[in-house]
**Q** 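Sending over a structure as structure tokens; questions will come in a sec.
Just the heavy atoms: all of them, side chains too, but no hydrogens, waters or symmetry mates, feed the values below. Here the structure is a predicted model, which is why all the values come from computation and not from measurement.
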There are 2 protein chains.
Amino acid sequence: MGLVSKIQTLTGLSPEAVSWLNNALETFSFKKNELVLKEGKVCQYLYYINKGMAYGYYHLQDHEVCNWIARENDFATSYYSFISQQPSYEIIACFEDCSVQAISYAQLNEMYRLFPESERAGRLILEEYYSRLEERLISIQFKSAKERYLTLLKNRPEIIQRAPLGRIASYLGMKQETLSRIRAEKE
Amino acid sequence: MGLVSKIQTLTGLSPEAVSWLNNALETFSFKKNELVLKEGKVCQYLYYINKGMAYGYYHLQDHEVCNWIARENDFATSYYSFISQQPSYEIIACFEDCSVQAISYAQLNEMYRLFPESERAGRLILEEYYSRLEERLISIQFKSAKERYLTLLKNRPEIIQRAPLGRIASYLGMKQETLSRIRAEKE
DNA sequence: TTCATTTTTTGATTTAGGTCAAATGCCTCC
DNA sequence: GGAGGCATTTGACCTAAATCAAAAAATGAA
């Protein structure tokens with residue numbers, strides 16, 4: 001399922017909008033460990049992952065904090081930088097070779113202008129981002145390390161399988177020693 | 001400073017938009033401890049506080065979790081419910097007698113339709129909400145209870161002065177016993 | 001003013017998860 | 001295929017903040 005069909009599942013788009021969008025989309029490939037977005041650059045694209053796994057992280061003091069992990073059929077962008085077109089403190093990189101579709105900020109706004117019904121899709125994507133963040137806050141604040149791990153294992157097992165442990169731990173808000181122990185105790 | 005001037009500081013609005021907006025705004029008064037939004041209701045308004053202090057909280061298991069605290073010249077709404085027009089799990093209530101301006105969801109969208117330049121203001125307000133949430137996540141995840149308290153004391157001292165300790169503690173993600181001890185140790 | 005209720009403080013104890021350090025496993029690339 | 005470098009596991013110990021419990025202070029209604 002590509003970006004266009006994903007948007008179709010969110011809201012109906014006219015055939016004209018679909019065709020315009022297909023034309024506006026770009027595709028990119030990234031190698032394993034390649035940087036999709038460097039720190040301090042403005043994020044120009046909203047990405048949609050066709051193949052591979054990518055993640056967003058930022059520097060905090062001396063260590064790196066993983067903010068999100070995305071796999072096939074997930075949107076991926078430095079939300080804040082893309083929306084505000086300000087330099088990004090978030091870095092986007094790839095766990096695996098990735099192939100992605102992408103729409104630029106300018107083209108996205110052009111789409112809104114040309115096809116006002118597409119605003120709804122844009123809004124729904126942003127809402128999704130906001131909800132994810134809210135859920136993460138609640139999870140970090142009120143759930144134990146073990147509960148967080150089990151929730152991720154249940155909801156997104158492919159992350160547990162395909163991402164390195166240290167990054168998963170950081171994403172879950174714990175030390176990798178802790179995650180290692182949790183994982184050990186359960187079998 | 002009312003809602004209209006606040007928006008003017010975010011982005012320019014045409015005199016027509018300003019006049020239309022002034023007409024579209026409603027004003028409400030709420031008594032201390034009155035509920036502005038009940039759990040399960042759709043949040044119909046984006047509020048702007050002219051006088052008083054309000055807060056948003058939700059039920060989690062047996063206790064209440066404070067999500068935000070707003071004072072004069074802050075926007076206040078159940079973000080998720082307002083944006084998606086879904087029933088709200090968040091409850092809005094008042095610490096003090098409040099007088100607020102409010103724009104309804106329908107009128108806000110009408111404004112976007114009539115005055116496309118106002119979209120920018122809307123987007124900026126939502127970005128602000130998103131950033132606040134991100135900051136809170138970082139603060140809960142990486143700062144100690146004491147650091148969180150000191151940051152709030154520095155950035156928004158009026159909250160420390162005017163809101164009850166239990167709610168502040170909940171907002172800061174700690175138990176009120178902890179907040180009480182932190183407060184005691186510093187003088 | 002007094003009594004009742006709520007809010008805040010103080011004290012003793014427990015615990016989840018962090019920290020530091022070392023050992024083991026496992027890629028990958030000359 | 002062996003050496004060096006990562007990633008992961010394991011162990012011992014420590015600490016911030018939660019929990020449980022009770023006292024003290026503040027608030028407000030009659």
**Q** If you walk 5' to 3' along DNA chain C, what is the first nucleotide with an atom under 4.0 Å of a heavy atom in chain B, and what is the last?
**A** C:dT8 to C:dA12
**Q** Starting from P on D:dT19, measure out to CE on B:Met174 and report it in whole angstrom.
**A**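 Rounded to whole Å, this separation is 14 Å.
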**Q** Give the rounded distance in Å between these two atoms: CZ of B:Arg181 and P of D:dT19.
**A**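 For the pair B:Arg181 CZ and D:dT19 P, the rounded distance is 12 Å.
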**Q** From NZ of B:Lys146 over to P of D:dA16, roughly how many Å is that when rounded to an integer?
**A**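 Atom-to-atom, B:Lys146 to D:dA16, this comes out as 11 Å.
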**Q** Listed by chain and number, what are the salt bridge (Lys or Arg N to Asp or Glu O under 4.0 Å) partners of A:Asp97, not counting sequence neighbours?
**A** none
**Q** Who pairs with A:Glu119 by side-chain contact (heavy atoms from CB on, under 4.5 Å), at least two apart in sequence or on another chain?
**A**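 In terms of side-chain contact (heavy atoms from CB on, under 4.5 Å), with neighbours along the sequence ignored, A:Glu119 is linked to A:Tyr112, B:Glu119.
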**Q** Can you list the residues that meet the salt bridge (Lys or Arg N to Asp or Glu O under 4.0 Å) rule with A:Glu39, with sequence neighbours excluded?
**A** none
**Q** Once you round it to whole Å, what is the distance between C1' of D:dA12 and CD of A:Glu177?
**A** 13 Å
**Q** Not counting sequence neighbours, which residues clear salt bridge (Lys or Arg N to Asp or Glu O under 4.0 Å) with B:Arg148? List them please.
**A**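 Testing B:Arg148 for salt bridge (Lys or Arg N to Asp or Glu O under 4.0 Å), a comparison that skips the adjacent residues, returns none.
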**Q** Which whole-number value in Å describes the distance from A:Ile160 CD1 to D:dT8 P?
**A** 12 Å
**Q** Taking side chain to side chain donor-acceptor pair (under 3.5 Å) as the test, write out the residues that go with A:Trp68, two or more places apart.
**A** A:Glu90
**Q** Quick one: is B:Thr178 getting a side-chain N or O under 4.0 Å of the D:dA18 phosphate, OP1 or OP2?
**A** yes
**Q** Do any pairs count as a side chain to side chain donor-acceptor pair (under 3.5 Å) and have a residue in residues 26-35 of chain A, sequence neighbours left out, and if so which ones?
**A** A:Glu26-A:Tyr45
**Q** Classify every nucleotide of nucleotides 25-30 of chain D by which part a protein heavy atom approaches to under 4.0 Å, writing B for the base, S for the sugar-phosphate alone and - for neither, in 5'-to-3' order.
**A** ------
**Q** From OH of B:Tyr149 over to P of D:dA16, roughly how many Å is that when rounded to an integer?
**A**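 To the nearest whole Å, that distance equals 19 Å.
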**Q** What is the distance from CD of B:Gln176 to P of D:dA21, rounded to the nearest Å?
**A**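 After rounding, the reported distance stands at 17 Å.
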**Q** With a cut-off of under 6.0 Å to the ring centre and 45° to the axis, is A:Arg167 in cation-pi contact with A:Tyr57?
**A**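 Relative to the ring axis of A:Tyr57, which defines the angle, A:Arg167 lies inside both limits.
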**Q** Name the closest nucleotide to the B:Lys175 side chain, picking from D:dT8, D:dT19, D:dA17.
**A**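 Taking heavy atoms from C-beta onward, the closest nucleotide is D:dT19.
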**Q** For A:Glu147, what residues pass the salt bridge (Lys or Arg N to Asp or Glu O under 4.0 Å) criterion, not counting sequence neighbours?
**A**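 Residues passing salt bridge (Lys or Arg N to Asp or Glu O under 4.0 Å) with A:Glu147: none at all.
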**Q** Of all residues at least two apart in sequence or in a different chain, which pass the side chain to side chain donor-acceptor pair (under 3.5 Å) check with A:Gln8?
**A** none
**Q** Work out how much the helix from C:dT1-D:dA30 to C:dC30-D:dG1 bends between its end axes, five pairs an end, to the nearest 10 degrees.
**A** 40°
**Q** Only counting residues at least two apart or in another chain, list the ones meeting side chain to side chain donor-acceptor pair (under 3.5 Å) with A:Glu177.
**A** none
**Q** A quick test of your reading: do over 12 heavy atoms of other residues, nucleotides or ligands sit less than 6.0 Å from NZ of B:Lys143?
**A** no
